[in-house]
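Since the structure comes first, as structure tokens, the remarks are kept for the end.
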Amino acid sequence: MTQKINLSIRELLGERGHLDYLNKIIIPQIEAFGKEGKISASTLRKIKDAVKQKGVGILSPQLYCLDQITLNTIEEDGFIFDAILPITDNVSIRNIIKKSSGKEDYKRAVENQRKAREALKGTGYENAVPAPVFSNKRERVIVTPYVSGITFKDSLMLNPDEKEKKLKELIDDYAGLFFQLNTPEARKRADFGEAMVDFNDFFIRNYLGRDMKGMEKIVELFGSEIGKDLNSARKSAIHGDFHGKNVISNGGFTYLDWANAASNGFPEFDISKLITKSDVDADLEQRLVEYAASRLYKTPEEQEESVRRFAKNQIVQELLSAWNGKCLVQFCNEKGKKSSFRRSNL
Ligand SMILES: Nc1ncnc2c1ncn2[C@@H]1O[C@H](COP(=O)(O)OP(=O)(O)O)[C@@H](O)[C@H]1O
Ligand SMILES: [Mg+2]
């Protein structure tokens with residue numbers, strides 16, 4: 001669901017950004033429609049004549065407000081608009097214009113989405129990540145073509161009886177995506193950076209806080225039972241914020257929002273987030289975790305290890321959310337040095 005709003009794209013992006021948007025996105029897309037035969041040569045000529053006479057401003061899209069609660073729709077300094085320009089009765093140009101709030105690392109958001117595309121080039125997943133078609137660093141704006149479909153979260157709510165089936169389908173698809181992201185060629189082509197921090201440091205800093213007196217035993221126990229295993233598993237490229245609102249369901253799946261992608265993660269981190277945010281009971285959770293392990297790993301030993309890793313990661317996430325009342329994921333700051341919270345309250 002979206003709501004029409006009376007805001008012009010010129011007001012939204014400023015004079016320069018608005019012209020850039022029209023010249024760099026809309027005009028090439030109209031020309032592409034001409035080439036693909038989606039609009040006739042005479043229509044294309046009429047549009048060009050009209051632009052010559054009246055200026056490119058006549059191609060400004062109508063903006064719609066996204067009716068979704070996500071980081072950038074709720075933060076005051078961010079926004080997400082659906083920008084639609086009908087060209088003919090059957091053809092329209094539709095893009096998602098997102099302004100990253102200060103809470104999101106804009107640079108990483110843009111770079112990682114491009115890197116994900118790059119990593120998946122030539123694989124069946126190439127189009128499973130929308131390519132940013134435009135970015136404006138000063139305005140912290142990123143534009144991606146609209147992907148038709150509904151969010152995976154909405155698809156679960158529409159079909160509660162099919163929850164297990166749908167989650168398994170997505171886990172299946174994710175396993176393929178994960179495999180393609182982690183081939184040696186993909187790793188060479190694109191590197192998300194070591195964004196996942198040391199679990200022991202993170203636990204100490206964020207759970208225990210400054211007052212460490214008398215905590216040595218807990219630190220030691222956490223390290224030997226949980227931190228050590230999770231730290232040594234940090235070697236794969238992952239999405240990093242894999243929940244149902246970051247996936248569009250449209251027959252297949254499209255993966256959005258790569259701002260938190262990391263090259264030193266493990267897939268159970270992604271699966272854990274998906275399952276936690278999908279509101280499933282303990283039995284279903286167990287079946288899904290085992291299913292994910294069977295899709296991600298070949299040998300029974302690796303699969304068992306995966307189930308254990310899932311549980312350990314889950315303990316960390318639950319400890320932290322109990323402490324803060326929120327679900328937290330741990331990532332480095334922009335420079336990749338210190339850990340900082342990335343609060344996910346979606
Ligand atoms: N390219 C797109 N096509 C369709 N819907 C999109 C697209 N990009 C974002 N959305 C919608 O906007 C929502 C938020 O987008 P996202 O990039 O995840 O922003 P945030 O950082 O605020 O989470 C998504 O859940 C989805 O509903
Ligand atoms: Mg998102």
Side-chain angles (χ1 to χ4, degrees), residues 1-3 5 12 21 25-26 29 61-85 92-117 120 125-136 139-158 170 174 195 238-262 269-270 273-274 276-278 326-329 331 334 341-346:
M1 275 280 286
T2 53
Q3 188 164 41
I5 51 161
L12 191 72
Y21 184 83
I25 299 180
I26 301 291
Q29 285 184 354
Q62 168 68 50
L63 297 177
Y64 294 80
C65 219
L66 219 69
D67 186 17
Q68 282 255 11
I69 296 177
T70 76
L71 177 71
N72 292 298
T73 59
I74 54 171
E75 290 299 332
E76 257 176 37
D77 57 342
F79 59 67
I80 300 182
F81 290 115
D82 193 352
I84 308 180
L85 175 69
S92 57
I93 293 178
R94 191 165 178 184
N95 290 292
I96 297 289
I97 306 179
K98 162 165 143 179
K99 178 175 174 137
S100 287
S101 91
K103 294 228 166 108
E104 181 167 78
D105 185 337
Y106 167 79
K107 200 164 151 249
R108 278 180 62 85
V110 179
E111 278 177 2
N112 283 353
Q113 192 132 340
R114 294 215 162 102
K115 284 177 184 169
R117 284 278 300 194
L120 297 167
Y125 284 88
E126 183 161 353
N127 294 320
V129 178
V133 283
F134 178 76
S135 56
N136 180 321
E139 299 282 343
R140 298 170 61 81
V141 160
I142 172 171
V143 179
T144 44
Y146 171 79
V147 178
S148 64
I150 55 173
T151 66
F152 180 74
K153 187 180 168 98
D154 285 344
S155 90
L156 286 190
M157 292 207 298
L158 280 177
L170 178 56
Y174 171 85
I238 59 164
H239 179 280
D241 197 14
F242 188 54
H243 58 75
K245 287 189 191 177
N246 282 337
V247 177
I248 301 282
S249 188
N250 46 13
F253 298 104
T254 304
Y255 299 85
L256 309 173
D257 201 359
W258 289 75
N260 289 344
F269 185 89
D270 278 345
K273 183 124 193 197
L274 174 70
T276 307
K277 298 274 178 179
S278 298
K326 301 274 183 189
C327 199
L328 299 164
V329 286
F331 281 95
E334 257 174 74
F341 286 142
R342 301 263 325 158
R343 184 176 291 192
S344 169
N345 46 7
L346 311 178

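Remember, predicted model here, so these are calculated numbers, not experimental data. Both counts, for ligands and for their atoms, begin at 1 and track the order of listing.
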If you count the atoms of ligand 1 from 1 in the order shown, which ones are under 4.0 Å from a heavy atom of [X]?
X: Leu66; answer: 11 (C), 12 (O), 13 (C)
X: Tyr146; answer: 3 (N), 4 (C)
X: Ile80; answer: 14 (C), 15 (O), 19 (O), 22 (O)
X: Leu71; answer: 22 (O)
X: Lys245; answer: 24 (C), 25 (O)
X: Thr151; answer: 25 (O), 27 (O)

Pro145 near ligand 1 by a heavy-atom separation under 4.0 Å: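 The answer is yes: ligand 1 sits under 4.0 Å from a heavy atom of Pro145.
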Within-cut-off N or O pair, [X] and ligand 1, under 3.5 Å:
X: Asn246; value: yes
X: Gln68; value: yes
X: Ile96; value: no

Taking backbone and side chain together, does Asn246 place any N/O/S atom at a distance below 2.8 Å from the Mg ion (ligand 2)? yes
Please report the closest heavy-atom contact between [X] and [Y], naming both atoms and the distance.
X: His239; Y: Leu256; result: NE2-O, 2.7 Å
X: Lys245; Y: Ile69; result: NZ-O, 2.5 Å
X: Arg117; Y: Pro130; result: CD-C, 4.2 Å
X: Pro145; Y: Asn95; result: CA-OD1, 3.3 Å
X: Arg140; Y: Glu104; result: NH2-O, 2.8 Å

Heavy-atom distances under 4.0 Å decide this one: backbone, side chain, both or neither, for [X] against ligand 1?
X: Asp82; value: neither
X: Thr254; value: neither
X: Val147; value: both

Please evaluate residues Phe269 and Phe242 with respect to the criterion side-chain contact (heavy atoms from CB on, under 4.5 Å), reporting the C-alpha separation (whole Å), side-chain torsions for both, the decisive distance (0.1 Å), and the verdict. CA-CA 9 Å; Phe269 185 89; Phe242 188 54; over 6 Å; no
Please test Asp154 against Gln68 for side-chain contact (heavy atoms from CB on, under 4.5 Å), starting from the C-alpha separation and ending with a verdict. CA-CA 10 Å; Asp154 285 344; Gln68 282 255 11; 4.1 Å; yes
Report the member of Thr70, Asp154, Asn95 with the shortest heavy-atom distance to atom 22 (O) of ligand 1. Thr70
Going by the closest heavy atom to atom 16 (P) of ligand 1, which one wins out of Arg94, Lys98, Glu104? Lys98
Do [X] and [Y] come within less than 4.5 Å of each other through their side chains, counting heavy atoms only?
X: Tyr21; Y: Ile26; answer: yes
X: Asp77; Y: Ser101; answer: yes
X: Thr276; Y: Lys273; answer: no

In chain order, what residues pass the ring pair (Phe, Tyr, Trp, His ring centres under 6.0 Å) check against Phe81, with sequence neighbours excluded?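 Per chain and number, Phe81 pairs via ring pair (Phe, Tyr, Trp, His ring centres under 6.0 Å) with Phe79.
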Of all N/O/S atoms in Asp257, the name of the one nearest the Mg ion (ligand 2): OD2
